[in-house]
Structure formats: structure tokens, C-alpha cells
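Everything numeric here is computed off the predicted structure, so don't read it as measured data. The first residue in the sequence is number 1, and the count goes up from there. Atom set for the values below is all heavy atoms of this structure, side chains included, hydrogens, waters and symmetry mates excluded.
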Amino acid sequence: MTAAPVLPRRLAFLESNLTGTGMRALRHAVDLGLTPVFVTSDPAKYDVEPETARAIRETAEHVLVCDTQDPEAIAKTLLTSLGPGETPGDVGLRGIMTVMEYYVPTAAAVAHRLGLPGLDPEAAGRARDKLRTRTACAEHGVSAPAFRFVRSTDEIDSLLREIPLPCVVKPIDESASIGVRICHTVEQLTDGIREIAESPVNSKGQPRIPGALVEECVFGHEVSVETFTFAGKTTVLGVTDKLLGTTPHFVELGHTFPSTVPHAGRAADLVLEALDAIGFDFGPAHTEVKLTPRGPVLIEINARTGGDFIPDLVEQALGIPLLEQSIVASSGGVPDLAPTRAEGAAIRFLAGRDGVVDQAPDPAVMANFPGVVAHRSKAEPGRATRYPRNSHDRLGHVLTRAATPALAAAEADAALCHLAPTYR
């Protein structure tokens, strides 16, 4: 009697960021004994980053092409292309996940459809849609800015009777600070609403409800709370200090983990309330909070590990490989969230200015800073740059580890000075 073939332990990845956590997730999956399957609507879009294209080519058993906005199409493609099979078990599929903000609800819907581990699809949708987050949290009494969704500039007069200037305008479905701005004048508010409301799709081409979210401008130090929910328990891994660039765009220029602010722990209590309010029940979350004179105020919930190398900061400071444990949970395993050390880590991002790069420094200078564990500069001679209006405009980073978060932050600040380019 012929024995049944042993199937690979497959984990599907739905789309990805072009850099950072996306490609590392694929390699981590291989290290964990899993066989990655990459699902995308367009493989060619990853060719713009050679390292990204190489990671997909070297790790993915299959690159499956389908409509990645359609959970039914994705589920069908996985079962027919890896099988044929009628269930995930028939084709060795242990799970599906994404590290890309825009596809979190889709991945959750596919996992639910196939009976695989994952976040409740309704919770994923509430987290992804900033208006739904605001509404759910308001219903549960979670402290958050006053808000209103407006469909056009015709609503400005009535809007300003509820939310005075200055206020913040943002899309309900972007990330990386895209489209977020503070408005001090009616003209700025009009331009902000019009720019968002007149676009029928977001930056990834996904259809959106026409309109913009207008919020009370909340003043205070911004932090994020890193959590992981599994088997009915949410573990608070820590609070991250955030360094924001100048208004009007709020681009993040640095992070320090864990926070050095004495009362930052109050943000964690608020975040647990917010996660309960949206029904969050599985996996990592990265939730942003402002520490204000009236107490912590919720900014937004991201149903994924933090971007900007925050999983790396957690790993450097606590020894918890957060991205790897997300993969473990998504493929049916039990994540290990126990810290193995208590240190500090920081990252600082290189902000260019309006102009053309003349010369970039030799990256070998980073060897003079023993706390630097990773660095990158994209500031090549001849490159036109601008002061960042969103995270994609940043030119590089320095990541450090030290005995304390304050020391890590100081080392990152010092090292970053030597990574800056000169301009023509």
C-alpha cells in the first residue's frame, strides 16, 4: 500500500510591503520550517525593488496571481493551485497572513472562509476603517478625538460649529501618514477635504467611500502600544515613544522602545479598552495614542505589527521576535511572548530637504557607533528629494540597541547626524 505523500507546511502571504517586514516575514517563515506561497494581483510591481524580487524568488514555492481584493477568488486560487483540494488540509495550507495594512481585512476574510487562524473579519474591518474605529470606540466610551465624516466641502460651515480649527483631516483607509494634515485655516481645510473626497480610490487602488475624516486636533506626546492577542488574552509588550516631524503632515521620524515617559503605561489601559471595543481577538496590534493633559486619547488601531521596524525594536529590547511569533500564530502554532532581556532600542529616520543630493556619506562611518545594529541610506548623488510629506519620502534610518531606551535614543540621534547627505 502506497503511503500518502507528505505535504509541505504552507503559509500563504497576501501581497506585501516593498521593503521591511514583508520580505523578512518570508525568510522567517522558511526558517520556521514553513513553505511560503505568495499571492498577488501583479508580480511585476515587486520588481522595482531588487531585494524584494529576490526574496520572493528565493523563498516562495509558488507565486499565485488573482484578484487580491476578492476573498473568494483568493480562497479558490489557493485550493485549486496548490491541490486540487477541497480543504486547506488537502493542500497543506496552515494559514494566510499579510504584513500590509491595506490587505488585513482581506486576509482575515480568507482565513475565516477557510477555517484558518486569523482575526475576526469584522474586527479587521473596524480597525482598517478609521471611521468605523471612531464609531465603535465612541459607543464604548473610549477616549478619542471628536470627529465627523464629511463627503464634500459643502459641509464645512456646519462642521466648524462642531470641530473648530485647528483640526486634522485624514483619509479613512490610508497608512504611512498619507493624506494626513493639520488645518489652521478654512482654506487649508477646504483643500484637505477636497483632495481626499475627490479620489475614488486609495493609494493602493482600492475603492473608498467618497469623503474625509475630520477630527479635533489633539495635542500631546504620541506613543504606540504594541500588543499581541491569542487564546482570549491580550499581552501588552510595551509602549513606544514616537518622534513626529513638523506639521502639517505628522510624518514619523523616530521611535524609542520601551517608552521613557513615566506615565506612558496609562496608554496601555486605554488600548485594551479600544481593542475590546472593536472586537479584536487575534494577533498583533499597533495602536497609536496621544498623551494629553486630559489623559491618553486614542488616535488609531492598526491590526498588524507596527511598521517602521518596530518589531525589530521589540526584539532588540526584549528578545521577543514579534514578527516570527506572528507567523507562528498565523500558521496554527502557539506564540512565545516571554521576554528574555530588558534593554532599550531606538530608530531614527533620515529626513531630506527640498533639493538634489550632491554627495552621500560613506556608510562605514556607522562603525564608530557600537550601538548601531542596522542602518540604510537611499540618498544617492543626483536624487531629487523633499522634506517628508509621508513615510515613503524618508531617505534612510539608523537602528540602535543599548542598556536602556534613553541610551539607545541618544546613540541613534548621534549616528543619524553622520548619515545625512549634502546638497547641490
Side-chain angles (χ1 to χ4, degrees), residues 19-21 168 170 175-178 180-182 217-226 237-268 271 286-293 296-300 302 305-317 343-353 366 369 371-379 385-402 404-421:
T19 58
T21 53
V168 174
K170 62 177 67 171
S175 66
S177 301
I178 293 173
V180 180
R181 66 172 71 178
I182 186 171
C217 185
V218 179
F219 297 95
H221 175 57
E222 185 166 317
V223 299
S224 63
V225 181
E226 322 309 331
L237 301 171
V239 180
T240 306
D241 283 327
K242 305 174 83 66
L243 173 63
L244 302 185
T246 56
T247 61
H249 296 292
F250 300 102
V251 177
E252 295 172 358
L253 297 180
H255 308 292
T256 302
F257 182 89
S259 172
T260 60
V261 177
H263 58 284
R266 295 169 59 194
V271 167
H286 164 77
T287 307
E288 296 172 354
V289 174
K290 282 284 183 73
L291 303 178
T292 78
V297 175
L298 177 74
I299 300 302
E300 65 181 46
N302 300 284
T305 55
D308 284 354
F309 298 90
I310 285 178
D312 299 71
L313 300 185
V314 173
E315 183 169 4
Q316 291 293 332
E343 298 183 0
I347 190 167
R348 295 295 183 265
F349 294 97
L350 184 61
R353 61 175 176 82
M366 291 295 104
F369 297 93
V372 171
V373 296
H375 60 86
R376 185 188 183 194
S377 173
K378 300 184 288 183
T385 70
R386 65 181 184 182
Y387 186 80
R389 299 179 191 174
N390 59 62
S391 298
H392 303 299
D393 289 335
R394 300 174 308 197
L395 296 179
H397 66 270
V398 172
L399 194 153
T400 59
R401 172 183 164 191
T404 69
L407 287 173
E411 184 88 338
D413 290 334
L416 187 73
C417 296
H418 295 273
L419 202 61

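Pro405 and Thr256 get closest at one heavy-atom pair: O-CG2, 3.5 Å. Across all their heavy atoms, Val218 and Thr292 have their closest contact at CG1-CG2, 3.2 Å. Residues Asn390 and Arg386 approach most closely at ND2-NH2, 4.1 Å, considering heavy atoms. His286 approaches Thr305 most closely through the heavy-atom pair CB-C, 4.1 Å. Taking every heavy atom of both residues into account, Tyr387 and Gly245 meet most closely at OH-CA, 3.8 Å. In terms of heavy-atom proximity, Glu252 sits nearest to Asp308 at OE1-OD2, 3.1 Å.
Judged as a side-chain contact (heavy atoms from CB on, under 4.5 Å), and not counting sequence neighbours, the contacts of Ser391 are Ala176, Val251, Arg394. Applying the side-chain contact (heavy atoms from CB on, under 4.5 Å) test to Asp312 and every residue at least two apart in sequence or in another chain returns Arg24, Phe309, Leu399. Remark: Glu343 engages Arg401 in a side-chain hydrogen bond (donor to acceptor under 3.5 Å, both in side chains) (not counting sequence neighbours).
In this structure, the side chain of Thr385 engages the main chain of Arg353 through a donor-acceptor pair within 3.5 Å. Between the side chain of Ser177 and the backbone N or O of Val180, no donor-acceptor pair lies under 3.5 Å. The backbone N or O of Ala345 lies less than 3.5 Å from no partner atom in the side chain of Gln316, so there is not a single donor-acceptor pair.
Residues Glu226 and Thr240 bring a donor and an acceptor atom of their side chains to less than 3.5 Å of each other. A side-chain donor-acceptor contact under 3.5 Å links Asp241 and His221.
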**OP:** Give the C-alpha distance, both sets of side-chain angles, the deciding distance and a yes or no for side chain to side chain contact (heavy atoms under 4.5 Å, CB included) between Ile182 and Phe250.
**Re:** CA-CA 8 Å; Ile182 186 171; Phe250 300 102; 3.8 Å; yes

**OP:** Any chance you could lay out the side chain to side chain contact (heavy atoms under 4.5 Å, CB included) test for Ser175 and Asn302, step after step, and finish with the verdict?
**Re:** CA-CA 9 Å; Ser175 66; Asn302 300 284; 5.5 Å; no

Original post:
Would Arg266 and Leu291 satisfy side chain to side chain contact (heavy atoms under 4.5 Å, CB included), going step by step from the backbone distance to the final call?
Top reply: CA-CA 9 Å; Arg266 295 169 59 194; Leu291 303 178; 5.6 Å; no

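Here CZ of Arg348 is found 9.0 Å from NE2 of His255. Values are rounded to the nearest 0.5 Å.
Here the side chains of Cys217 and Val168 are in contact, with some heavy-atom distance below 4.5 Å.
Ring centroid separation for the pair Phe369 and His418 comes in under the 6.0 Å cut-off.
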